[in-house]
2 protein chains.
Amino acid sequence: MKNKKIKIARAEADVSQEKLAAMVGVTRQTINLIEGGNYNPSLKLCTAICKALNKTLDDLFWEE
Amino acid sequence: MKNKKIKIARAEADVSQEKLAAMVGVTRQTINLIEGGNYNPSLKLCTAICKALNKTLDDLFWEE
DNA sequence: ACAAAATGTCATTTATAAATGACATTTTGT
DNA sequence: ACAAAATGTCATTTATAAATGACATTTTGT
């Protein structure tokens, strides 16, 4: 399922997929895949995304 | 760095590495590697471990 | 003190996250 | 309305998570 939370957090922080990708050291496509869902990123990447957006794992990646 | 939190949560729930592995559908070695640190598990696996131990991502995998 | 269970660690193979390049479509600012 | 930036998606390659088997060491219950 899609990860809307990252998209929203990105909008709040006013960062594009490309900029977020640069901040965490991956490519734009990887960020795009994660937001699109059906993807299983590594813990390290999840953590990097959280820190870049000033969120925690539970904020962005915890479901239910 | 080592992940002591999982080890502690396991002790609380009285589950061995082997049992936890079975609960989340991986092998014992994978659990062992995660607890030992220097490992970068997938988000899906992290989430499964949390649910098996009644914890959240922040409880077990968030640092600082 | 002893046996059984649990843990640590190695080496090899397999599945998949992430990189890379490329192009089409959508969104945004002026 | 238009151009530029951002996003969606494909196909191929590379790096690494996770599987598997095997054995040594440590911990636990009696």
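We name chains A, B, ... by the order of the sequence lines, and we start the count at 1 in each one. Keep in mind that what you see is a predicted model, and the values were worked out from it rather than measured.
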Tell me the interatomic distance from [X], atom [atom1], to [N], atom [atom2], rounded to whole angstroms.
{"X": "B:Leu33", "N": "C:dT9", "atom1": "CG", "atom2": "C1'", "answer": "9 Å"}
{"X": "B:Ile31", "N": "D:dT20", "atom1": "CD1", "atom2": "P", "answer": "14 Å"}
{"X": "A:Asp14", "N": "D:dT7", "atom1": "CG", "atom2": "P", "answer": "10 Å"}
{"X": "B:Lys2", "N": "C:dT7", "atom1": "NZ", "atom2": "P", "answer": "12 Å"}
{"X": "B:Lys4", "N": "C:dT7", "atom1": "NZ", "atom2": "P", "answer": "16 Å"}
{"X": "B:Leu20", "N": "D:dA18", "atom1": "CG", "atom2": "P", "answer": "13 Å"}
{"X": "B:Asn38", "N": "D:dT16", "atom1": "CG", "atom2": "P", "answer": "14 Å"}
{"X": "A:Arg10", "N": "D:dA6", "atom1": "CZ", "atom2": "P", "answer": "10 Å"}

* Asked: DNA chain C: B:Asn40 or B:Gln17, which has the more 5' nearest nucleotide?
  -> B:Gln17

* Asked: Between A:Leu45 and A:Gln29, who's closer to the 5' end of DNA chain C by nearest nucleotide?
  -> A:Leu45

* Asked: Think B:Lys51 forms a cation-pi with A:Trp62, using NZ or CZ under 6.0 Å from the six-ring centre and within 45 degrees of its axis?
  -> yes

Is there a side-chain polar atom (N or O) of [X] under 4.0 Å from OP1 or OP2 of [N]?
{"X": "A:Asn32", "N": "D:dT7", "value": "no"}
{"X": "B:Thr30", "N": "D:dA19", "value": "yes"}
{"X": "B:Ser16", "N": "C:dA5", "value": "no"}

* Asked: Choosing from D:dA6, C:dT7, C:dA18, which nucleotide comes nearest the side chain of A:Tyr39?
  -> C:dA18

* Does the side chain of B:Val24 come within less than 4.5 Å of B:Thr30's, by heavy atoms? -> no

* Looking at every strand, decide which applies to B:Glu35 at a 4.0 Å heavy-atom threshold: base, sugar-phosphate, or nothing. => nothing

* Assign A:Thr27 to base, sugar-phosphate, or nothing according to its heavy-atom contacts below 4.0 angstrom with the strands shown. => base

* Structure fact -> DNA chain D nearest-nucleotide lookup for B:Arg28 and B:Ile34: closer to the 5′ end is B:Ile34

* Within a reach of under 6.0 Å around NZ of B:Lys19, are more than 12 heavy atoms found that belong to other residues, nucleotides or ligands? -> no

* Given Watson-Crick or G-U pairs with both distances under 3.5 Å, what dot-bracket string fits DNA chain C, with | for other-strand pairs and [ ] for crossing? -> ||||||||||||||||||||||||||||||

When rounded to the nearest 0.5 angstrom, what is the spacing between [atom1] in [X] and [atom2] in [Y]?
{"X": "B:Lys7", "Y": "B:Gln17", "atom1": "NZ", "atom2": "CD", "answer": "7.5 Å"}
{"X": "A:Thr47", "Y": "B:Leu43", "atom1": "OG1", "atom2": "CG", "answer": "9.5 Å"}
{"X": "B:Asp58", "Y": "B:Lys5", "atom1": "CG", "atom2": "NZ", "answer": "8.5 Å"}

* Asked: B:Asp59 and B:Leu53: side chain to side chain contact (heavy atoms under 4.5 Å, CB included), yes or no, with the steps?
  -> CA-CA 10 Å; B:Asp59 288 337; B:Leu53 297 174; over 6 Å; no

